[in-house]
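All chains are named by letter (A, B, ...) in the order of the sequence lines, taking the proteins before the strands, and each is independently numbered beginning at 1.
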Number of protein chains: 2
Amino acid sequence: MPRLSKLSPERGDARTRLLEAARDIIRAKGFAATTVDDLCKQAEVTKGAFFHHFGSKEALGVAVAEFWADTTAAFFEAAPYHLPDDPLDRVLAYVAFRKAIIVGELAEFTCLVGTMAQEVYATSTDIREACGKSIFGHAATLEADIEGAVRARGIRGDWTPESLARHTQAVIQGGFVLAKAGNNPDLARESLDHLDRYIRGLFNLPKEAAQ
Amino acid sequence: MPRLSKLSPERGDARTRLLEAARDIIRAKGFAATTVDDLCKQAEVTKGAFFHHFGSKEALGVAVAEFWADTTAAFFEAAPYHLPDDPLDRVLAYVAFRKAIIVGELAEFTCLVGTMAQEVYATSTDIREACGKSIFGHAATLEADIEGAVRARGIRGDWTPESLARHTQAVIQGGFVLAKAGNNPDLARESLDHLDRYIRGLFNLPKEAAQ
DNA sequence: AAGTACATACTATACAGTCGGTATGTAATA
DNA sequence: TATTACATACCGACTGTATAGTATGTACTT
């Protein structure tokens, strides 16, 4: 139950503002290079507020990973790729959707928890686990459609729906790494085209130019 | 012309020792969380030596990315995946080789420049560019074999050898991200199996269990 | 003699985290 | 209804330490 400040009630509560600031700044600078003062400045709150809501910088890292998991879950649940009747069409629509939302600056479309996991996997178990939950939780939302597609089309391969679901995430994350290294969003889109082609191949669809 | 210390001439020169320390520590903790003192301690040199060889911490970041590019280039050049006569076999052998070298701890097989690029892409243009050079330079070493395979097998698809070469790197990098997030090297191997299957599909090879 | 390759001691600052305090809301009770 | 008691949300000055970087000196090589 966040309290709104009487002085500037339109700002939203400090905790949420800090999480939003963390999401934006950590995506650009990384976790270690982001200071508590950076976050307070961006969120327009003081350090008192920061340490009132989060016991430590690491605790904020865990909280922002969970915040990311929650907000992205809602975002993808509401996305239109669930509309097709055929499960395989939904899977392909997901890939197309992931490609379509790659717009604007790198820090606006890349993945907070992928970036954080890479950085802190050896230094903070808590943050790593929160990031893992977000990534693999999202991957799991794809399994039902993949499984449905396998069933509906009578596919028999030496791979599992869980494995393919995780692979989609690996391709997406890897595309982000290349996009950052090359400073070019096209590199992320390019790998999604290969992923689309791969999935079509797995299900014996006629080859079709990926959009 | 590195001078060997009279006290312990077997140590090797300080610059190389610092680069090796940077490679190992940054892979585990990330660039920002790695301090100059960490590096000096691990390399068993003093800060004087550090700032004698590198003008700043950022300059070391650039140097270690170049060091990585050089050492990995030599490593992959000497690797056995170049032996097969057929270019497609060489491409598949590359993927198998990348899978085979995923052994031991995460920090021992993951990619320094992929990790660094993710972290510093917005804060250090110099380091980002050095990382990009390493990644895309390595990708380029695959192009000739892919091109040869396309030619030899008369493949006609809506993709280019350059693009597929980059995609292999995206899958590898993404596999590392998932392996870190899930604290499980199998996740990196799993995506290489999908990559193997994808390439076989592109070249109309009979489906075969990836090893 | 001059340059290279270090070592040692030091500095200024940036950083995470602390602490005493205030303002506001809420619930019980007299 | 007024009072008391307590909880929550936040403020901002302060602290100890960690950190990148510097200044100076020395040993070895050419």
S.K.: The side chain of Lys47(A) lies closest to which of these nucleotides: dG21(D), dC6(C), dT18(C)?
M.R.: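 Looking only at heavy atoms from C-beta outward on Lys47(A), the closest nucleotide is dT18(C).
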
S.K.: Taking the minimum atom-to-atom distance to the side chain of His53(A), which one of dT19(D), dA9(D), dC11(D) wins?
M.R.: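 So the nucleotide nearest the side chain must be dA9(D).
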
S.K.: Rounded to whole angstroms, how far apart are CG on Leu18(A) and C1' on dG17(C)?
M.R.: 15 Å

S.K.: I want to confirm an ordering. Mapping Gly48(A) and Thr34(A) to their closest nucleotides on DNA chain C, which one lands closer to the 5' end?
M.R.: Thr34(A)

S.K.: Starting at atom CG of Leu60(B), determine the distance to atom P of dT19(D), rounded to an integer number of angstrom.
M.R.: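 About 16 Å, once rounded to whole Å.
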
S.K.: Any idea which of dA20(D), dA16(C), dC10(D) is nearest the Lys57(A) side chain?
M.R.: dA16(C)

S.K.: Mind checking if Thr35(A) touches a base, just sugar-phosphate, or nothing, with heavy atoms under 4.0 Å?
M.R.: sugar-phosphate

S.K.: Tell me the interatomic distance from Lys41(B), atom NZ, to dA18(D), atom P, rounded to whole angstroms.
M.R.: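 Spelled out: NZ on Lys41(B) to P on dA18(D) is 12 Å.
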
S.K.: Of the nucleotides dC10(D), dG21(D), dC6(C), which has the atom closest to the His52(B) side chain?
M.R.: dC6(C)

S.K.: Between dC10(C) atom P and Asp37(B) atom CG, what is the distance in whole Å?
M.R.: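 Checked: the CG to P distance equals 16 Å.
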
S.K.: So which pairs with a foot in residues 161-185 of chain B pass side-chain hydrogen bond (donor to acceptor under 3.5 Å, both in side chains), sequence neighbours left out?
M.R.: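 Sorted result for residues 161-185 of chain B: Gln118(A)-Lys180(B), Glu190(A)-Ser163(B), Glu190(A)-Arg166(B), Ser191(A)-His167(B), His194(A)-Ser163(B), Tyr94(B)-Gln169(B), Thr115(B)-Lys180(B), Thr160(B)-Glu162(B).
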
S.K.: For the residue pair Phe176(A) and Tyr121(B), is the inter-centroid distance of their aromatic rings smaller than 6.0 Å?
M.R.: no

S.K.: Salt bridge between Asp193(B) and Arg189(B), side-chain N to carboxylate O under 4.0 Å?
M.R.: no

S.K.: Looking only at side-chain atoms of Phe51(A), point me to the closest of dC10(D), dC6(C), dT18(C).
M.R.: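 It is dT18(C).
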
S.K.: Within the distance-only criterion (no hydrogens, no angle test), does the side chain of Arg27(A) pair as donor or acceptor with the backbone N or O of Ala107(A) below 3.5 angstrom?
M.R.: yes

S.K.: In whole Å, I'd like the distance from the CG atom of Asp38(B) to the C1' atom of dT17(D).
M.R.: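 Taking CG of Asp38(B) and C1' of dT17(D), I get 15 Å after rounding.
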
S.K.: Please report, rounded to the nearest Å, how far the C1' atom of dC10(C) is from the CZ atom of Phe50(B).
M.R.: 18 Å

S.K.: Using whole Å, what does the distance between atom P of nucleotide dC6(C) and atom CZ of Phe54(B) come to?
M.R.: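 The distance from CZ of Phe54(B) to P of dC6(C) comes to 11 Å, rounded to the nearest Å.
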
S.K.: Might you point out which heavy atoms bring Ala22(A) and Val64(A) nearest each other, and give the distance in Å?
M.R.: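 Closest heavy-atom pair between Ala22(A) and Val64(A): CB-CG2, 3.8 Å.
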
